[in-house]
Structure formats: structure tokens, C-alpha cells
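Right, one structure below, let's go through it.
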There are 2 protein chains.
Amino acid sequence: MKARVTVTLKNGVLDPQGKAIEGALKSFGLEGIDSVRQGKVFDIEIATQDRSRAEALLKQACEKLLANMVVENYTVEVLG
Amino acid sequence: MKARVTVTLKNGVLDPQGKAIEGALKSFGLEGIDSVRQGKVFDIEIATQDRSRAEALLKQACEKLLANMVVENYTVEVLG
């Protein structure tokens, strides 16, 4: 099965990288960008056809390694 | 308007960071992870209510800065 995990910073957590990108876009003359926040995405292939097993495995992967639960949120989408 | 831009490596482009994450997950004892590829996600707020203008702006942002069109693909989702 294929899945996509998206990890984003929690609201209120400073994102200097996003701010830098925002500044760079403005300096390129792109008007109308209000804010940018950067996150990470992981495209994962899993050797099971069992959706609930895949979801459990991905939850573990996020909490052990992919996301820092103190400052980040994650979402898991199993694409089938 | 809010939008999400996702930038991923094209097929066939080596992803050493993804490989490292895959190895780390295996070493944590998570069985059944076949492959991991890492990408980036940008949550962007745009100062317009015009969806087609927002899409045009984001396309420009991707091609100028957010994605390296030689090795990366991007998708734009305007969330409204």
C-alpha cells in the first residue's frame, strides 16, 4: 500500500525557514503572499494490504521518528 | 485564501534522505516499510479571493523558488 504522511509545525511555533521563503518570494516580486510555513511530506510504501495495520504502523513511525510531537503535528493518508 | 504546495522528487531521482529514514525505521523494529521518499510541503496564505489568480501566483512561486524543476514535481491545492 502507498501512504502519505504530512508533518507540519504546530500553530504558534516559529518557522524561520518559512519566513525566509516568504521574504524570498516577495523579493522576486510575487505580490500577495501573506505567509508561508514549511513542513515535510513522506511518501511511504508498506508491505501489507491491511489498511488498519498500515495506519497503526504509520502512527508508530510518526511518533518514533518522523514527527517531533512537541512542536509538530502529523496527518496520515493511506492511499491504497 | 489558503493553499498547500507539495514538492516531491521525480521518479528515478535518488533520495538518500528517504533511504536514511527507511533504514532508521527498520532499525526501530518497524517491519513492513518498503520504501520512503521525502518531500516538502508549503502552507501558504494568499491575499486574494480569486482562485485562478491564486493558482497562477503559486505556479510562479513554484517555478521560481519552491521546486527545482529538473528533479522535482509540484502540486498546488487551493483550499479556499
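In what follows, chains are A, B, ... by sequence order, proteins preceding strands, each numbered from 1.
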Linking I/L/V/M/F/W/Y whenever their side-chain heavy atoms sit closer than 4.5 Å, directly or via other members, would Val13(B) and Met69(B) fall into one cluster?
->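 No.
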So if you build clusters from Ile, Leu, Val, Met, Phe, Trp, Tyr with side-chain heavy-atom gaps below 4.5 Å, do Tyr74(A) and Leu9(A) land together?
->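 Shared cluster, no.
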Is any side-chain heavy atom of Thr8(A) less than 4.5 Å from a side-chain heavy atom of Arg4(B)?
->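 They are in contact (side-chain heavy atoms under 4.5 Å apart), so the answer is yes.
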Side-chain touch Ile21(B)/Leu66(A), heavy atoms, less than 4.5 angstrom |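 They are in side-chain contact.
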Considering residues, nucleotides and ligands other than [X], do more than 12 of their heavy atoms fall under 6.0 Å from its [atom1]?
X	atom1	answer
Lys26(B)	NZ	yes
Leu14(B)	CG	no
Lys2(A)	NZ	no
Lys59(B)	NZ	no

Rounded distance [0.5 Å steps], CZ in Phe42(B) versus CD in Gln17(A) | 7.5 Å
What part of Ser35(A) is in contact with chain B, defined as an atom under 4.5 angstrom from a non-hydrogen atom: side chain, backbone, both or neither?
-> both
Do you know which of Asp43(B), Val7(B), Ile44(B) has the most heavy-atom pairs under 4.5 Å to chain A?
->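 Result: the option with the highest number of such pairs is Asp43(B).
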Heavy-atom pair count under 4.5 Å with chain B, highest-scoring of Val36(A), Leu58(A), Thr48(A), Asp15(A) | Val36(A)
How close do [X] and [Y] get, heavy atom to heavy atom, and via which atoms?
X	Y	value
Lys40(A)	Val41(B)	N-CG1, 3.5 Å
Arg53(B)	Glu31(A)	NH2-O, 3.5 Å
Leu30(B)	Gln60(A)	CD2-OE1, 3.3 Å
Leu25(B)	Ala61(A)	CD2-CB, 3.7 Å
Lys64(B)	Phe28(A)	NZ-O, 3.6 Å

